[in-house]
Amino acid sequence: MHDIKWIREYPDQFDAALGKRGLDPQASIILSLDEKHRATITEMQDLQQRRNDVAKEMGRVKSQGQDATALIEEGTALKSRLAVLEEQERTFKEHLQTILTTLPNCPKDDVPFGKNETDNKTMRVVGDLPKFSFDPRQHFDLGEALGLMDFDQAAVISGSRFVILKGALAKLERALAQFMLDTHTERFGYTEASVPLLVNDNSMFGTGQLPKFAEDSFKTQSHWLIATSEISMTNFLAQKIVEESDLPLRYTACTPCFRSEAGSAGKDTRGMLRQHQFYKVELVSLTHPDQSDAELERMANAAETILQELKLPYRVQLLCTGDMGFQSRKTYDLEVWLPGQNLYREISSCSTCGDFQARRMNGRFRTPETGGQKSKTQFVHTLNGSGLAVGRTLIAVLENYQQEDGSIRIPDVLVSYMGGLKEIRKS
RNA sequence: GGAGGGAUGGCUGAGCGGCUGAAAGCGGCGGUUUGCUAAACCGUUAUACGGUGUAAAGCCGUAUCGGGGGUUCGAAUCCCCCUCCCUCCGCCA
């Protein structure tokens, strides 16, 4: 959500920033609505003040047993006029809220302008691409040949975009998640969390899934299934005020993520690249506004470390304005090399949202009260990143570590997590 | 699922329909006292919005006692609905 005060002060910057997202200028519409809204508030408050005065006077008059008819009449008149103004105020406010909550976040200045992913900027390319003496196969061929990956029966059970992993592949998925969590908690100071997978409307609104992107998520009769644990963890600060000294707060969790993939019909239908349900290790940082820029780099580095440890080649893309998510001010995508597909595919997305989400969920911190300085409350900055998408990491391991006979070497860092297993091969 | 009880400021906890943005205590901050610390004493201490002013502060006002509606000239206080928490019973782990 946008700060109306900021828009009042810098309408041109606001329009320019959203213009980079391809939106028409909005400031003048917003500001004229804002002016009407405030005028109504002022008028309403004057009447409320009079109403309160009348009520107080009434108490005095009645206790003295005097006649209060005139006061009651005035009170009645005020009441009906107030009702009209209150209705008007509500209408303006709702209209304004609707606009402010459906506009995407302003991109930061260093985000390149662009229409789609072809305009993203490659920041760095890391790791050597593996060389094969044979044609590398795609992950689903490898998994099915091993007899440990079953899409057909998953379709019987649930439908398309689901998979069953068995044996060493199921274990590999768990090993990856565990390795990631251990790395983030032990090396990067994230606190592991176990979080609700079903959340309410407010939480979905807070992180920006609602109201605009309802169709991307699954809904039960009463709750939403999280599309990412970013939703649960960012909302750790919803409706809260923490001390400045508590920041930054860093959390990580491995959860299933549920996505309807409504807009992706027919896309990536083969294999487990795009599923309705997948595990993801998520990183969430809640920081002081001054720290969020550095925190984004730090977070990307934590995610990259996983790829480096797994010796998976990847590149880092700075997303252009046209490819960035609704809530983001700046996003790095990590793309891992998939030899079976012969291209880089997204495996992590690290974003800073500034105070966009904090404002929606009212997550704040308090500055300390010292000497003459009064304490103030301020919105925190929120960041989130995948560290990493477990399913896609599994794909990357299969494709990069495949051997000519269809067996899979286990990356060194995972061997202990696999109970000493060094290779997966058909039994 | 059934029956009760509850939700008040950072925390604990009062609150008769008007004099309650809200007693009291604790905590926090500032000060006095003190060789230092402690204690004691004095003062101060919610959030959001609007207006004014602006470098900031300040000042004036409005709203907020879990959320939403209602009754009333006037609601923390009365009524209705919802959410959450607690206790007991049942049910399932």
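Every chain is numbered from 1 and lettered A, B, ... according to where its sequence line falls, protein lines coming before strand lines. Keep in mind that the numbers below use all heavy atoms, side chains included, and drop hydrogens, waters and symmetry copies.
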A.B. asks: Not counting sequence neighbours, list each pair that qualifies as a side-chain hydrogen bond (donor to acceptor under 3.5 Å, both in side chains) and has a residue in residues 253-266 of chain A.
C.D. replies: A/Glu261-A/Ser264, A/Glu261-A/Arg274

A.B. asks: What integer number of Å spans the P atoms of B/rA57 and B/rC49?
C.D. replies: 13 Å

A.B. asks: If I take atom CG in residue A/Asp246 and atom P in nucleotide B/rG10, what distance separates them, rounded to the nearest angstrom?
C.D. replies: 15 Å

A.B. asks: Looking at every non-hydrogen atom in both residues, tell me the closest pair between A/Lys93 and A/His37 and how far apart they are.
C.D. replies: CB-NE2, 3.6 Å

A.B. asks: Determine the Euclidean distance between corresponding C1' atoms of B/rG9 and B/rG5; express it in Å to zero decimal places.
C.D. replies: 24 Å

A.B. asks: Please check: side-chain N/O of A/Asp333 versus main-chain N/O of A/Glu346, any donor-acceptor pairing under 3.5 Å?
C.D. replies: no

A.B. asks: Quick check on side-chain hydrogen bond (donor to acceptor under 3.5 Å, both in side chains): which of A/Thr321, A/Thr352, A/Asp293 does A/Lys108 satisfy it with?
C.D. replies: A/Asp293

A.B. asks: Counting only N and O atoms by type, is there a donor-acceptor contact under 3.5 Å from the side chain of A/Asp34 to the main-chain atoms of A/Ile30?
C.D. replies: no

A.B. asks: Between A/Phe356 and A/His2, is the ring centre distance below 6.0 Å?
C.D. replies: yes

A.B. asks: Give me the distance, rounded to whole Å, that separates B/rA22 from B/rG17 when you measure between the C1' atoms they each carry.
C.D. replies: 15 Å

A.B. asks: Is A/Lys5 close enough to B/rC49 that one of its side-chain N or O atoms is under 4.0 Å from OP1 or OP2 there?
C.D. replies: yes

A.B. asks: Say we look at B/rC11 and B/rC82: how far apart would their C1' atoms be, to the nearest angstrom?
C.D. replies: 28 Å

A.B. asks: What is the distance from CG of A/Asp201 to P of B/rC82, rounded to the nearest Å?
C.D. replies: 17 Å

A.B. asks: Check this one for me: any side-chain N or O of A/Arg51 less than 4.0 Å away from OP1 or OP2 of B/rU62?
C.D. replies: no

A.B. asks: Mind telling me whether A/Tyr417 and A/Phe179 have parallel, tilted or perpendicular rings, with 30° and 60° as the class edges?
C.D. replies: perpendicular

A.B. asks: Taking the inter-plane angle between the rings of A/His276 and A/Phe162 on a 0 to 90° scale, is it parallel (under 30°), tilted (30 to 60°) or perpendicular (over 60°)?
C.D. replies: tilted

A.B. asks: Grab the CZ-C1' distance between A/Arg81 and B/rC73 for me, whole Å please.
C.D. replies: 15 Å

A.B. asks: Nearest-Å distance, CZ (A/Arg366) to C1' (B/rC29)?
C.D. replies: 12 Å

A.B. asks: Are more than 12 heavy atoms from other residues, nucleotides or ligands located less than 6.0 Å from atom CZ of A/Arg345?
C.D. replies: yes

A.B. asks: What stems, by residue range, does RNA chain B take part in, given at least 3 consecutive Watson-Crick or G-U pairs under 3.5 Å?
C.D. replies: B:1-7 with B:83-89, B:10-12 with B:24-26, B:27-32 with B:40-45, B:46-52 with B:58-64, B:66-70 with B:78-82

A.B. asks: How many whole angstroms separate atom CD1 of A/Ile241 from atom P of B/rA48?
C.D. replies: 7 Å

A.B. asks: If only side-chain N and O atoms of A/Lys79 are considered, is one of them under 4.0 Å from the OP1 or OP2 phosphate oxygen of B/rG74?
C.D. replies: yes

A.B. asks: Suppose you measure atom C1' in B/rA76 against the same atom in B/rG18; what distance do you get, rounded to whole Å?
C.D. replies: 13 Å

A.B. asks: Go nucleotide by nucleotide along RNA chain B from the 5' end; which of A/Ile72 and A/Asn52 gets its closest nucleotide reached first?
C.D. replies: A/Asn52

A.B. asks: If we ignore hydrogens and angles and just use 3.5 Å, is the side chain of A/Gln378 paired with the main-chain N or O of A/Thr367 as donor and acceptor?
C.D. replies: no

A.B. asks: In whole angstrom, give the distance that lies between atom CD of A/Glu73 and atom C1' of B/rC73.
C.D. replies: 11 Å

A.B. asks: What interatomic distance, in whole Å, is found between P of B/rA75 and the corresponding atom of B/rG70?
C.D. replies: 12 Å

A.B. asks: Would you jot down, in residue-number order, the residues of residues 29-50 of chain A having a non-hydrogen atom under 4.0 Å from RNA chain B?
C.D. replies: A/Arg38, A/Ile41, A/Thr42, A/Gln45, A/Gln48, A/Gln49

A.B. asks: Starting at atom CD of A/Glu243, determine the distance to atom C1' of B/rC11, rounded to an integer number of angstrom.
C.D. replies: 13 Å

A.B. asks: In whole angstroms, how far is the C1' atom of B/rU83 from the CG atom of A/Asn202?
C.D. replies: 11 Å

A.B. asks: Quick one: is B/rG50 close enough that its OP1 or OP2 comes under 4.0 Å of any side-chain N or O from A/Arg8?
C.D. replies: yes

A.B. asks: Determine the Euclidean distance between corresponding C1' atoms of B/rG58 and B/rG66; express it in Å to zero decimal places.
C.D. replies: 34 Å

A.B. asks: Taking only the P atom of each, what is the distance from B/rG10 to B/rA48 in whole angstrom?
C.D. replies: 11 Å

A.B. asks: Tell me whether A/Thr234 contacts the main-chain N or O of A/Ile231 through its side chain, where contact means a donor paired with an acceptor under 3.5 Å.
C.D. replies: no

